[in-house]
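Here is the structure we will look at.
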Amino acid sequence: MKTSAIADANIALVKYWGKRDQTLVLPQNSSISMVTDGLYAHTTVEFDSKYNRDIFSLNGKNIDTKSKGYEEYVGKFLKIVRKLSANKKHVRIQSSNNFPTAAGLASSAAGFAALTAATNKAFALGLNKRELSILARQGSGSACRSIHSGFVEWRRGGKMDGSDSYAEQIADAKYWPEFRMIFCITTKKEKKIKSRAGMAQTVATSAMYKCWLDAIVEDLKNVRQGIIQKSFSLVGKTAEHNCLKMHSLMLTTKPPIIYWNEFTIRIINKIIELRENGLECYFTIDAGPQVKIICLESNIPKIVRKVQEITGIEDIIITKPGQGARIVNKHLF
Ligand code: DP6
């Protein structure tokens, strides 16, 4: 039987950058994000005795199941699923994203949240939302937030086994319908340093890491409160500053990690200029060169017009708070 699921990417307003346990994917700090409504992964899973090995394809390309990349991500994930399930048959998985993969657009978050929802049904695991979030987390940390809709907090947790490290909803997608993120795609190329390797190197070498952790509780409190009170300025200001702090960690990693390109800087400067001219908007950037502009719906036309003045931006995608991971009837094969 085939099972398919869709899950949307989520973009952090307070970032996760560093693990306290690599195997269980346990974070150094809690994080908060918005699940988007437009950038998604669609995944179909089928286990059947007709397969004599696991098969995985991503965006139409077959992935070697002996490769390190596969073993570290999907292979590891399937081992966990098989421990939870009595079903030990081989599985075929096909997944595709409707946006660039591994380019700093949270494709692993969407991908693993969709895979979690699809395997939960295919393997009849019967997991509730909390358990789904814990399973998705072990595929890719940020994926645990894409299980839910709207605004979400991934709690760090304190237990060694990770049973208290999962995401919970702060507010659903309809709570703040005017909230927007404009994705400015500066390049569709895959990034050179994956988040996983980059954050491990940061924790090991950045002298700023302690400062990051010292300030995180305050950022979380402000963003959480800002969402609940729909205080756009509080959320925007805190998110932008938190993003710059994360990039300071990256810059002070040895060797340095620089994800930005020239367009990233041009867009940042444009946003600061717009703000100085009274148009309230903020930016956030993840492990890649893409800029996500945080704004309210009413300001979209003006902001987009201004950003389009910068030549060389490949694409602009407008997103609002979106749904969580869900089962769909459309299969990819
Ligand atoms: C910069 O969740 O991709 O987007 O857990 O190693 O798979 P792994 O990392 P991943 O890292 C996301 C980092 C970030 C910030 C965030 O989404 O909070």
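In this text the structure is predicted, and so the values were computed from the model without any measurement. This chain uses plain numbering: 1 for the first residue, then up along the sequence. Counting starts at 1 for both ligands and their atoms, following the listed order.
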Set out, in order, the CA-CA distance, both residues' side-chain angles and the distance that settles side chain to side chain donor-acceptor pair (under 3.5 Å) for S206 and T253, then state yes or no. CA-CA 5 Å; S206 173; T253 295; 5.0 Å; no
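Of the N and O atoms on the side chains of S233 and E280, at least one donor lies less than 3.5 Å from an acceptor on the other residue.
Under 4.0 Å from any atom of ligand 1, one finds heavy atoms of residues A12, K15, Y16, W17, K19, V25, S108, S140, G141, S142, R145, S195, R196, M199, M246, D286, A287.
In this view, N222 satisfies the side-chain hydrogen bond (donor to acceptor under 3.5 Å, both in side chains) rule with no residue, not counting sequence neighbours.
A salt bridge (charged side-chain N to carboxylate O under 4.0 Å, His left out) check over residues 144-153, counting only residues at least two apart or in different chains, returns the pairs E153-R155, E153-R224.
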In a table with atom names and distances, give each donor-acceptor pair under 3.5 Å that connects a side chain of residues 72-79 to protein atoms at least two apart or in another chain.
from : atom 1 : to   : atom 2 : distance (Å)
Y73  : OH     : R196 : NE     : 3.4
K76  : NZ     : T23  : O      : 2.7
K76  : NZ     : Q138 : O      : 3.1

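With F333 as the aromatic partner, R92 meets the cation-pi criteria of under 6.0 angstrom to the ring centre and within 45 degrees of the ring axis.
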